[in-house]
Amino acid sequence: TCSCCKMDFDAIVADIGTQNCRIGFAGDDHPKALFPSVAGVTTDKSSERKLHWDVHKFHEYMKIETPLRDGVIEDWALWEKMVQHGLSQVLKADIEETPILIAEKPYNTSATRQKTAEIIFEKFKSSALFLAKDAVLSCYACGKTSGLVVDLGAAGSVVSPVQDGWVDARAVTRSPVGGRVLDAYIHQLVSQQGGELRDQIRPLFRVKKTALADGGLRVEERQFVPGAVAESMEAWQRLEAGRQLKEAVCRVVEGPVPLHLPLLPYQLPDGTPLDVGPERFQLPELLFDPSPLLQTPPPLLALLQAPLQAPPSHLHRWAGLPQLVQESLSRVDPDQLPGLLACPLVVGGGALTDGLDQRLRAELERLQLLGGGRKGSQGAQAGERAHAAWLGGSIVGSLGAFHDLWLARAEYDEWGPAIVDRKCP
């Protein structure tokens, strides 16, 4: 048993990413709570803020807010409310006197980690805490303690070398090119179909559908009074529509993008039919060659900035996955390279794109970073890669040998928040 906490309760595992919150119990195969990492915010006549967690349901004058910037907590009040919602309303669990393991980015700051500990112990009254690097947890999910983790998240791409359960922080490389960039860029690709510029992907809340007497359906543009649709709501809904299209049709190819394949039919949220051509291959190419983003038009940048807080000045630092991997490996001790390259792991929501794993391996072989003959990522099944960090936390959080590693509340009370950097390195 654990000397620092009551293990009569199941430990809680939380992975709060830019796109989704995943919260559940250690030992489970899947998180019981899964919901968007944003909140809808409305203000009444007395200027009191009300939070709405069903953000897909449209409310006039509702803004969309996120507690994260680039995967790191920035709005602590909203982050606390989001964790509370996940625990009490979705998971229906009481964190008081229960240990919690939280996944964090490899580049998380000491100040952020200490503030996290302060909230968990002083606000939620948890009995114990552990902060674990998401790249390490992803390795555990794949049955490994070492590997080169390529995390394709909503806020960007991160490459982390993991050696014997430790992230080599010096060799972590990252780029803002991630899921949300693709969700925005697909609007531009689709709008350019046929050589004419038009806005084809309308969010569902802007559509009014009326059943006709003959059994047909009339689709009209819903009208709103000026200002009723907040800019952040518009941007988030448009990105969600782009994400749905991306996940339905896109795939990665190893050679040149095919230009003369049969069109793929798709129905937009408003019911409009859309025939998708080369766009389904061109979009994920941005992960390997983001140079087209340097010509990104201002409207697209505005769409990205609203929910992601990604300043345009980041454009010149965007890099493709092969370059990120190559730069990361150049910072690693040469004697560690064989172990890392023996187990490249592609995780995160972007890892579900068909063909991406094989394409990345082909690119690394072309750069002579990998030998031929090996197949895709090892370990976790394809469907598990989107929540690999949470799954790794579930595995390690349920191990009896891990119990002595928890940061206990008694230790926090004695040493203060700074103890988290020693107990959870």
Side-chain angles (χ1 to χ4, degrees), residues 13-20 22 37 68-74 79 101-117 129-142 144-179 310 314 317-319 321 323-333 336-337 339-341 343-351 360 377 379-380 385-393 395-397 405 407 420-425:
V13 178
D15 177 18
I16 302 176
T18 300
Q19 179 73 33
N20 289 308
R22 298 176 175 88
S37 299
L68 305 174
R69 181 196 290 265
D70 196 20
V72 176
I73 307 168
E74 184 174 75
W79 182 84
L101 184 151
I102 300 178
E104 64 174 357
K105 289 298 179 187
Y107 48 84
N108 201 14
T109 66
S110 176
T112 300
R113 306 176 89 235
Q114 293 186 33
K115 182 68 173 180
T116 302
L129 167 70
F130 195 85
L131 299 181
K133 301 293 187 287
D134 57 4
V136 174
L137 297 179
S138 294
C139 280
Y140 292 158
C142 299
K144 309 290 182 181
T145 58
S146 300
L148 187 69
V149 180
V150 180
D151 185 358
L152 305 180
S157 305
V158 184
V159 176
S160 305
V162 178
Q163 190 71 31
D164 297 326
W166 297 84
V167 172
D168 186 346
R170 303 166 305 165
V172 173
T173 57
R174 55 192 178 113
S175 165
V177 183
H314 283 187
R317 292 192 283 117
W318 286 3
L321 291 178
Q323 289 72 35
L324 289 179
V325 171
Q326 194 169 30
E327 182 182 349
S328 177
L329 294 178
S330 70
R331 305 176 187 174
V332 171
D333 294 337
Q336 295 181 352
L337 290 177
L340 295 174
L341 292 174
C343 187
L345 305 172
V346 183
V347 299
L360 179 59
S377 281
R385 292 182 196 161
H387 63 272
W390 185 91
L391 181 59
I395 292 171
V396 73
L405 299 180
L407 168 58
V420 72
D421 289 326
R422 183 166 64 86
K423 289 286 290 190
C424 311

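Side-chain atoms are counted along with the backbone in the values below, which use heavy atoms only and exclude waters and symmetry mates.
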Quick check: does any side chain N or O of [X] sit under 3.5 Å from a backbone N or O of [Y], one acting as donor and the other as acceptor?
| X | Y | value |
| --- | --- | --- |
| Arg22 | Asp15 | no |
| Trp79 | Leu68 | no |
| Ser328 | Val325 | no |
| Ser157 | Leu152 | no |
| Ser160 | Val172 | no |

Is [Y] close to [X] at the side-chain level, that is, under 4.5 Å between some pair of heavy atoms?
| X | Y | answer |
| --- | --- | --- |
| Leu148 | Pro161 | yes |
| Leu341 | Leu329 | yes |
| Phe130 | Val396 | no |

Taking all non-hydrogen atoms of both residues into account, name the closest pair between [X] and [Y] and its distance.
| X | Y | answer |
| --- | --- | --- |
| Ile395 | Ala141 | CD1-CA, 4.0 Å |
| Ala388 | Ser138 | CB-OG, 3.8 Å |
| Val346 | Arg385 | O-CD, 3.0 Å |
| Val167 | Pro106 | CG1-CB, 4.1 Å |
| Arg331 | Asp168 | O-OD2, 4.3 Å |

Any chance you could measure [X], atom [atom1], to [Y], atom [atom2], to the nearest 0.5 Å?
| X | Y | atom1 | atom2 | result |
| --- | --- | --- | --- | --- |
| Asn108 | Ile73 | CG | CD1 | 7.0 Å |
| Glu104 | Ile16 | CD | CD1 | 12.0 Å |
| Asp333 | Leu340 | CG | CG | 10.0 Å |
| Thr109 | Gln114 | OG1 | CD | 9.0 Å |
| Asp134 | Cys139 | CG | SG | 10.5 Å |
| Lys115 | Ser110 | NZ | OG | 13.5 Å |

Note to self: Closer than 4.0 angstrom, basic N to acidic O: yes or no for Asp421 and Arg113?
What the structure shows: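 Salt bridge: yes.
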
- Item | Lys105 with Asp70: basic N within carboxylate O range, under 4.0 Å |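 No, this pair does not count.
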
Option from Val13, Leu101, Leu391 for which side chain to side chain contact (heavy atoms under 4.5 Å, CB included) with Leu137 holds: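 Between Leu137 and the candidates, side chain to side chain contact (heavy atoms under 4.5 Å, CB included) is satisfied uniquely by Leu101.
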
